[in-house]
Visitor: 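Sharing a structure below in structure tokens format, with a few things to ask.
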Amino acid sequence: MDFILSHVEQGVMTLTLNRPERLNSFNEEMHLQLAECLKQAERDDSVRCLLVTGAGRGFCAGQDLNDRNVDPNSPAPDLGMSVEKFYNPLVRRLAKLPKPVICAVNGVAAGAGATLALGCDIVIAARSVNFVMAFSKLGLVPDSGGTWLLPRLTGRARAMGLALLGEKISAEQAHAWGMIWQVVDDAELTDTARQLAVHLASQPTFGLGLIKQAINAAETNTLDAQLDLERDYQRLAGRSADYREGVSAFLNKRAPQFTGK
């Protein structure tokens, strides 16, 4: 079964999590299929923006507990193995992908589904969406970058409350706290996310990738280190074909035709 639906059009690869009967919760096969799609996104120069969303009434409910041994009479499962083998590589690949990653969140985003969404570059949520850091309800720790992302997005006090209480937070509240980029009416989510993805796919992809890497690096760099990084990245950007095209279009008062290189 196709647990990940992949479609490429106008430079946008749309990946749809496709286990709607399980609120798109992850099992091992779903992870493997998603990894194959990301491999194409990394290698295919015609893909210049990635759009991630979910099928059905929810974005992602995190890990499918039916795919884990929770029998109290059996040996305890090694949940760290699952994090190491699947979730950590997924988070790292999305962060390192030298192309913009948009997440269109529909319905519920819980557990690893919430941290997966928040780890994308631009997050657009339908107005009915709830984000839930559900880990504490099961005695677990926020993974998939959760303990790294939350303090940086919301501040320590809010991050601690979200993680310890595991309560729902609305799309509007997530937006007010700076966790996501935009909230739209449910009926507008698909078109809004698609239009943004097509726009980004037409922009100077190489430069956008450098911007993404620079902002990610700034989370842990000193000012001196970040200034050096900006110098180095600006040097690379200045040698790109897109920079030459952008300057030429500006001087000739025409619309640029970027190639992403």
Visitor: With clusters defined by side-chain heavy atoms of hydrophobic residues (ILVMFWY) lying less than 4.5 Å apart, directly or transitively, does Ile102 cluster with Val184?
Guide: yes
Visitor: The test is side-chain hydrogen bond (donor to acceptor under 3.5 Å, both in side chains); show your working for Gln226 and Glu230 and say whether it passes.
Guide: CA-CA 6 Å; Gln226 194 67 15; Glu230 290 175 352; 4.6 Å; no
Visitor: What I want to find out is whether Asp185 reaches Arg127 closely enough, with some N-O distance under 4.0 Å, to be called a salt bridge.
Guide: yes
Visitor: Should the heavy atoms of other residues, nucleotides or ligands under 6.0 Å from CZ of Arg57 be counted, would the total exceed 12?
Guide: no
Visitor: What is the minimum heavy-atom distance between Gly146 and Pro151, and which atoms define it?
Guide: O-CD, 4.3 Å
Visitor: With salt bridge (charged side-chain N to carboxylate O under 4.0 Å, His left out) as the criterion, how do Glu245 and Lys261 come out once you've worked through the C-alpha distance, each side chain's angles and the decisive distance to 0.1 Å?
Guide: CA-CA 10 Å; Glu245 168 61 13; Lys261 299 179 180 179; over 6 Å; no
Visitor: Group every Ile, Leu, Val, Met, Phe, Trp and Tyr by side-chain heavy-atom contacts under 4.5 Å, then state whether Phe131 and Leu153 land in the same group.
Guide: yes
Visitor: Decide whether Gln173 and Arg158 meet the rule of one side-chain donor and one side-chain acceptor closer than 3.5 Å.
Guide: no
Visitor: For side-chain hydrogen bond (donor to acceptor under 3.5 Å, both in side chains), just list the numbers for Asp44 and Ser46, CA-CA rounded to whole Å, side-chain angles, deciding distance to a tenth of an Å, and then say yes or no.
Guide: CA-CA 5 Å; Asp44 188 347; Ser46 71; 2.6 Å; yes
Visitor: Carefully, step by step, assess Arg194 and Gln10 under the rule side-chain contact (heavy atoms from CB on, under 4.5 Å).
Guide: CA-CA 10 Å; Arg194 175 69 188 172; Gln10 292 181 279; 3.3 Å; yes
Visitor: Is the Phe26 ring parallel, tilted or perpendicular to the Tyr87 ring (thresholds 30°, 60°)?
Guide: perpendicular
Visitor: Donor-acceptor check, side chain of Lys212 to backbone of Leu97, threshold 3.5 angstrom: yes or no?
Guide: yes
Visitor: side-chain contact (heavy atoms from CB on, under 4.5 Å) for Asp64 and Met30? Distances and angles first, verdict last.
Guide: CA-CA 10 Å; Asp64 188 346; Met30 187 173 171; over 6 Å; no
Visitor: Consider only side-chain heavy atoms of I, L, V, M, F, W and Y, link residues closer than 4.5 Å, and tell whether Leu17 and Leu51 are in one cluster.
Guide: no
Visitor: Please check: side-chain N/O of Asn24 versus main-chain N/O of Phe59, any donor-acceptor pairing under 3.5 Å?
Guide: yes
Visitor: Look only at the side chain of Ser144 and the backbone of Ala112, and say whether a donor-acceptor pair between them is shorter than 3.5 Å.
Guide: no
Visitor: Using 4.0 Å as the upper bound for N to carboxylate O, is an ion pair formed by Arg235 and Asp232?
Guide: yes
Visitor: Would Ser202 and Arg48 satisfy side-chain hydrogen bond (donor to acceptor under 3.5 Å, both in side chains), going step by step from the backbone distance to the final call?
Guide: CA-CA 8 Å; Ser202 71; Arg48 294 170 59 186; over 6 Å; no
Visitor: Hey, quick one: are Leu140 and Leu118 part of the same hydrophobic cluster, counting side-chain heavy atoms closer than 4.5 Å, chains of contacts allowed?
Guide: yes
Visitor: Would you say that more than 12 heavy atoms from the other residues, nucleotides or ligands in this model lie under 6.0 Å from the OH of Tyr243, or not?
Guide: no
Visitor: Salt bridge or not for Lys39 and Glu42, using N-O below 4.0 Å?
Guide: no
Visitor: Can a donor-acceptor pair be found, under 3.5 Å and without considering hydrogens, that links the side chain of Asn130 to the backbone of Val108?
Guide: no
Visitor: What closest approach, in Å, do Thr115 and Leu149 show between heavy atoms, and which atom pair accounts for it?
Guide: O-CD1, 3.7 Å
